[in-house]
Amino acid sequence: MDPSTSHRGDTDQLQAEMASDEAGCLYDTRTRPMFDYLAGQADARRLEVFPALRWCAYRIQRFMQAEADPYGLTDGAARVLMQLKHAGEEPLGALAAGMHVSPKNITLLMDQLEKDGLVLRVPDPADRRSVRARLTDEGQRLVGEFWRQFTTRSLELVEDLPQEDLERVRHVALLLVRRIEARMAPANRNDPSSVAPTKSR
């Protein structure tokens, strides 16, 4: 199949899956009827944020993977390299925490990146039980090339969006992360009042 034809098909499908409401705001035409039926219209409008964010997160991951493919990387491996480019050298536990993934996930990524000659595991001088990750010279070169390309392409996606809109999306997304984490904490899991609504800015 011609890739350009496939891409046009994806674009056409995407257009069919979105529409604008009376205020000019996009919504997901697939989930709205289901949410209206299950929750009632008023609650459905508030709940629609969750499938929208999930859809966006999935597309962001696909976008990052497409950018990482020419460099022979997975999106997870690219994120490890970017974090190490910033940190210089980091314990594996801190690397996992910074990427919001499990230590097991980091171990698997490190195994592959070390095999590819892009990172090294080195002893932690501050803790003999700990191991740190460090970029090799080849890792430094590769992540430098990838980051320049990825930054350029990412900025193209948001170049015509108002800064205040981007800040609002960022704020609401992270506010939901904070509330979900608080609600899922073991001590609060069975306490519906554990997360008191707070007025967002």
Side-chain angles (χ1 to χ4, degrees), residues 1-69 74-79 82-83 96-106 150-201:
M1 178 183 290
D2 182 350
S4 63
T5 303
S6 175
H7 179 70
R8 283 197 303 274
D10 289 345
T11 302
D12 292 342
Q13 182 180 356
L14 198 64
Q15 293 290 346
E17 292 170 348
M18 292 185 189
S20 295
D21 62 18
E22 298 81 2
C25 294
L26 290 170
Y27 68 91
D28 183 344
T29 59
R30 302 162 305 170
T31 60
R32 174 162 286 190
M34 178 182 69
F35 275 59
D36 283 353
Y37 174 76
L38 294 174
Q41 193 173 91
D43 285 344
R45 294 301 169 271
R46 300 185 66 78
L47 292 171
E48 282 180 324
V49 66
F50 293 105
L53 287 173
R54 189 182 302 115
W55 191 5
C56 182
Y58 171 67
R59 290 288 177 165
I60 288 172
Q61 186 176 28
R62 284 187 62 188
F63 169 73
M64 188 166 185
Q65 183 59 64
E67 295 302 310
D69 278 340
T74 64
D75 69 307
R79 289 170 59 208
M82 288 191 295
Q83 183 146 329
M99 291 178 55
H100 309 294
V101 298
S102 69
K104 180 180 179 181
N105 189 277
I106 284 295
F150 179 69
T151 301
T152 299
R153 298 268 290 161
S154 297
L155 286 172
E156 289 171 356
L157 289 175
V158 298
E159 62 185 355
D160 59 340
L161 298 177
Q163 182 63 27
E164 58 269 24
D165 287 357
L166 295 173
E167 291 175 1
R168 191 64 187 166
V169 170
R170 183 198 68 210
H171 172 72
V172 172
L174 293 180
L175 183 62
L176 285 171
V177 168
R178 179 186 289 174
R179 290 185 174 193
I180 290 168
E181 290 297 323
R183 183 60 60 91
M184 291 179 66
N188 297 330
R189 201 163 283 163
N190 299 316
D191 180 5
S193 65
S194 62
V195 182
T198 56
K199 186 176 181 181
S200 61
R201 65 180 177 91

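In this chain, residues are counted from 1 in sequence order.
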> Given Leu175 and Arg179, is the side chain to side chain contact (heavy atoms under 4.5 Å, CB included) satisfied, shown in steps?
Replying inline: CA-CA 6 Å; Leu175 183 62; Arg179 290 185 174 193; 4.1 Å; yes
> Does Val177 have any side chain to side chain contact (heavy atoms under 4.5 Å, CB included) partners at least two apart in sequence or in another chain, and if so, which?
Replying inline: Glu181
> Thr29 side chain to Glu17 main-chain N or O, any donor-acceptor pair under 3.5 Å?
Replying inline: yes
> Listed by chain and number, what are the side chain to side chain donor-acceptor pair (under 3.5 Å) partners of Glu22, not counting sequence neighbours?
Replying inline: none
> Of the non-hydrogen atoms in Met99 and Arg79, which two are nearest, and what is the gap between them?
Replying inline: O-NH2, 2.7 Å
>> Testing the basics here: between Thr74 and Ala68, what is the closest heavy-atom pair and its distance to 0.1 Å?
In response: O-CB, 4.0 Å
>> Would you compute the distance between atom CG of Leu157 and atom OG1 of Thr152 and round it to the nearest 0.5 angstrom?
In response: 11.5 Å
> Where do Asp75 and Gln65 come nearest, in terms of heavy atoms and distance?
Replying inline: N-OE1, 2.8 Å
>> If you compare all heavy atoms of Glu159 against all heavy atoms of Glu156, which two are closest, and at what distance to 0.1 Å?
In response: CG-O, 3.4 Å
> By side chain to side chain contact (heavy atoms under 4.5 Å, CB included), which residues pair with Glu48, not counting sequence neighbours?
Replying inline: Arg32, Arg45
>> Using the side chain to side chain contact (heavy atoms under 4.5 Å, CB included) criterion, which residues pair with Pro51? Sequence neighbours excluded.
In response: Thr31, Phe35, Arg54
> How many angstroms lie between atom CD1 of Ile106 and atom CD of Gln83, to the nearest 0.5 angstrom?
Replying inline: 7.5 Å
> Which residues pass the side chain to side chain donor-acceptor pair (under 3.5 Å) test with Arg153, sequence neighbours left out?
Replying inline: Glu67
>> I need the minimum non-hydrogen distance between Leu26 and Met18, along with the two atoms involved.
In response: CD1-SD, 4.2 Å
>> List the residues meeting ring-ring contact (aromatic ring centres under 6.0 Å, His included) with Phe150, not counting sequence neighbours, and say none if there are none.
In response: Phe63, Phe146
> Partners of Ser102 by side chain to side chain contact (heavy atoms under 4.5 Å, CB included), sequence neighbours excluded?
Replying inline: Lys104, Asn105
> When rounded to the nearest 0.5 angstrom, what is the spacing between NE2 in His171 and CG in Leu176?
Replying inline: 9.5 Å
